[in-house]
Amino acid sequence: MKQKIKQNEVPEKVSEKVSEKVSEKVSEKVSEMVPEMVSKKNEKSKFSLGKTLGRLIKNTVRNDKAILFSFGIYTLLAAAYPFFAVVLPKFVLEELTKQEAASAYRLLLIIGVFLLSSAVFGFGKTFLHDKYYARLAALRINYIGDMYNKLISLEYRHMEDSTFFDKNSRAMEANSSNNNGVEGVYHKLFETPAVLLTAIVYMGLVGILNPFLLLGLVLNTVVIILIGKKTQDFSYGKKDELGHLNRRKNYYYKTTYDFTYGKDIRMYGLKQRILDNYNKEIKGYVGVQKLIANKEYTYGFLGLATLLLSDALTYGVLIYKTMNGMTIADFSMYLAMIVGLSMLMKTISDDFSFIWRESQYISDFYIFMDRDFSEQTGNLAAIEGETLEIEFCDVTFRYPGTEKDIFKNLNFTIHKGERLAIVGINGAGKSTLVKLMTGLFKPTSGRILINGIESSRFSQQALYSMFSVVFQDVNVLAFTIEENVACRSVGIDHGRVQEALEKVGLWEKVKVFEKGTKQPMLKIIEEDGTEFSGGEKQKLAIARALYEDGNMIIMDEPTAALDALAEAEIYENFSSLVQGKTAVYISHRLASTKFCDKIALFGSDGLLEYGNHTELMELQGEYYNMFTIQGKYYQDQEEEMEEASA
């Protein structure tokens with residue numbers, strides 16, 4: 001069925017076809033290059049600290065304005081709180097160093113007033129901080145919901161592209177915890193202004209005392225901020241590499257506690273192999289982290305030098321001032337103030353470095369959320385009231401990031417109401433064909449027509465809704481049985497659920513549950529969840545497809561986990577299951593061809609043979625060879641079934 005140029009075709013037509021192919025290849029190459037060029041351009045200019053923080057603040061205003069009022073009160077209380085520790089020793093020392101005897105009453109009054117004021121301010125700031133900690137977390141959780149909605153709305157092709165997750169893993173981690181990313185920056189934005197306000201007042205007082213003291217402190221702070229920024233930029237430059245290593249490391253970590261791997265790990269002695277691979281990935285991850293730490297350590301020597309200079313200025317000036325008339329009370333106040341200012345400046349520099357670093361990943365998150373990952377699709381609604389005809393027109397397809405064509409110039413038609421068996425060896429592209437038909441992937445070139453309409457003209461959701469598909473890999477969700485069948489939690493037609501379960505032979509099992517179709521599945525969420533066998537899961541998947549009632553039914557290896565009796569039952573009921581709709585039955589078991597109108601045999605070179613069972617047997621090609629080899633196996637199965645029924 002592959003398209004070939006006939007030998008007697010005139011040169012003009014050959015030239016015309018060659019020209020079309022060249023234009024097509026050039027167009028493909030340009031379409032690949034343009035996004036890459038745009039991506040590289042955006043990579044250089046995408047991060048803006050101001051815009052990123054602006055979006056965070058707008059998100060706060062949009063979702064919880066009350067936080068801003070509390071933020072103002074918290075800032076005033078937290079900014080005033082450190083002054084009590086600075087001023088109290090001055091008043092106490094002044095009272096103790098008076099020429100007349102110190103008054104115990106005045107000392108107790110001074111200490112009492114300061115302690116009471118400190119307690120009130122401290123309680124106020126702690127109360128507001130703790131009260132709004134959860135509300136800041138809620139802002140992050142809202143973003144998690146937005147991100148999950150984005151992920152499940154992405155075109156499926158991204159889900160099979162490992163580089164997609166390598167590039168975007170850090171963006172997805174921007175909402176992963178309370179202490180980094182979005183919420184971490186929210187906490188810093190909530191807390192840092194108070195620190196900054198206190199530092200400004202301290203700086204004014206220290207500057208009045210001696211401008212060189214202030215200069216030393218500011219110099220040390222600026223150097224630390226620049227060092228932090230330089231280190232964070234270096235770390236950010238390693239984000240793709242860290243994302244790749246982190247994904248690999250997490251795979252082995254999850255494998256160790258995922259119970260679905262438990263039997264294989266124990267029975268086949270895979271424990272050491274998994275641990276060795278896990279340790280290898282950890283070493284790679286730690287190696288990159290060491291590079292970042294070494295860079296920070298190297299830059300740290302410059303910060304140490306400016307710190308020593310600042311401390312030398314502090315003690316030198318204060319000792320000089322004390323020797324020239326400054327009181328001990330003032331000395332203690334200024335010393336506490338300068339030490340406090342030094343700590344505040346360190347906090348500010350650390351906070352700025354943190355905000356700079358995490359805002360880069362938040363910016364990646366915003367870019368991820370803003371970016372339209374989907375290709376342009378049409379807006380046609382789903383076809384209603386009739387089954388489908390699928391036509392592949394000169395379709396070529398290769399998976400993203402690969403050079404091998406799975407299909408090359410594929411041409412064939414699945415006619416309306418036809419029952420087509422697609423057979424072939426593993427890896428021949430049978431499941432890929434399903435992904436192309438249903439719109440999960442788009443052809444690299446060529447067209448797919450649905451009832452004569454190009455598939456790209458339909459909306460993505462319309463395409464999905466027209467197909468009831470039983471995929472090769474069955475996924476059961478931790479929902480109720482009826483929710484797994486209907487794939488929704490509201491508006492479930494319980495009669496249709498029961499009918500679908502009856503058709504696949506599961507109703508007898510389900511009806512004995514105390515909760516019936518409301519019985520939870522799996523034990524990962526509900527302790528009383530039920531676990532189906534492999535064959536029962538496949539039957540559940542078939543029931544799901546029947547409930548969906550799409551225009552066309554596709555079954556991709558639906559009986560792989562069924563025993564011979566259950567498989568025979570599905571074959572016998574196939575006509576009633578498909579209800580006259582166009583149906584595609586994909587299998588490497590050639591027994592499925594007996595109840596199908598046409599057979600398409602795929603191999604490594606694409607579509608090899610096409611026809612009904614009799615035609616292909618008479619051809620004595622690949623199908624004939626495969627059927628003959630499998631014949632004895634199926635004959636033995638039939639004998640076993642006869643014995644079982646006797």
Side-chain angles (χ1 to χ4, degrees), residues 75-104 106-122 125-126 191-225 227-228 300-353:
T75 299
L76 293 175
L77 293 175
Y81 183 72
F83 284 92
F84 295 110
V86 171
V87 178
L88 175 60
K90 170 181 167 61
F91 280 93
V92 171
L93 285 173
E94 283 181 345
E95 183 64 30
L96 291 173
T97 55
K98 282 183 178 180
Q99 292 183 351
E100 65 270 20
S103 168
R106 284 197 299 269
L107 278 173
L108 290 174
L109 180 63
I110 291 169
I111 294 172
V113 169
F114 272 89
L115 288 178
L116 180 62
S117 301
S118 177
V120 170
F121 277 69
K125 81 179 188 70
T126 302
E191 299 162 6
T192 303
V195 178
L196 189 60
L197 184 58
T198 305
I200 289 172
V201 176
Y202 279 5
M203 288 168 67
L205 295 173
V206 172
I208 292 172
L209 176 67
N210 189 294
F212 289 107
L213 276 177
L214 181 60
L215 181 63
L217 289 168
V218 171
L219 175 64
N220 181 50
T221 302
V222 169
V223 169
I224 291 174
I225 289 175
I227 289 172
F301 283 108
L302 183 58
L304 178 62
T306 56
L307 176 63
L308 292 174
L309 176 62
S310 175
D311 287 347
L313 282 170
T314 296
Y315 288 101
V317 169
L318 287 179
I319 291 172
Y320 175 79
K321 290 282 187 181
T322 303
M323 292 174 64
N324 287 275
M326 178 186 282
T327 65
I328 295 298
D330 286 340
F331 175 88
S332 69
M333 182 187 72
Y334 279 112
L335 181 60
M337 189 180 298
I338 292 170
V339 171
L341 179 58
S342 178
M343 295 175 63
L344 290 173
M345 300 287 267
K346 176 68 166 59
T347 300
I348 291 170
S349 65
D350 288 345
D351 287 353
F352 178 82
S353 296

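Atoms considered below: every heavy atom in the structure, side chains included; atoms not considered: hydrogens, waters and symmetry mates.
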* Carefully, step by step, assess Leu335 and Val339 under the rule side-chain contact (heavy atoms from CB on, under 4.5 Å). => CA-CA 6 Å; Leu335 181 60; Val339 171; 4.2 Å; yes
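Across Ile111, Leu109, Leu115, a single residue satisfies side-chain contact (heavy atoms from CB on, under 4.5 Å) together with Val113, and that is Leu109.
Ala78 approaches Thr198 most closely through the heavy-atom pair O-OG1, 4.1 Å. What you find for Ala199 and Ile348 is that their closest heavy atoms are CB-CD1, 3.8 Å. Smallest separation of non-hydrogen atoms from Ala80 and Phe121: CB-CE2, 3.7 Å.
Side-chain atoms of Ser349 come within 3.5 Å of backbone atoms of Lys346 as a donor-acceptor pair (strictly under, hydrogens ignored).
Within the model, atoms OH of Tyr202 and CE of Met345 stand 13.0 Å from one another, a figure rounded to the nearest 0.5 Å. Between the CG atom of Leu196 and the CD1 atom of Ile200 there is a distance of 4.5 Å, given to the nearest 0.5 Å. The CE atom of Met333 sits 9.5 Å away from atom CD1 of Ile338, with the distance rounded to the nearest 0.5 Å. One distance of note links CG of Leu344 with CE of Met337; it measures 11.0 Å at 0.5 Å rounding.
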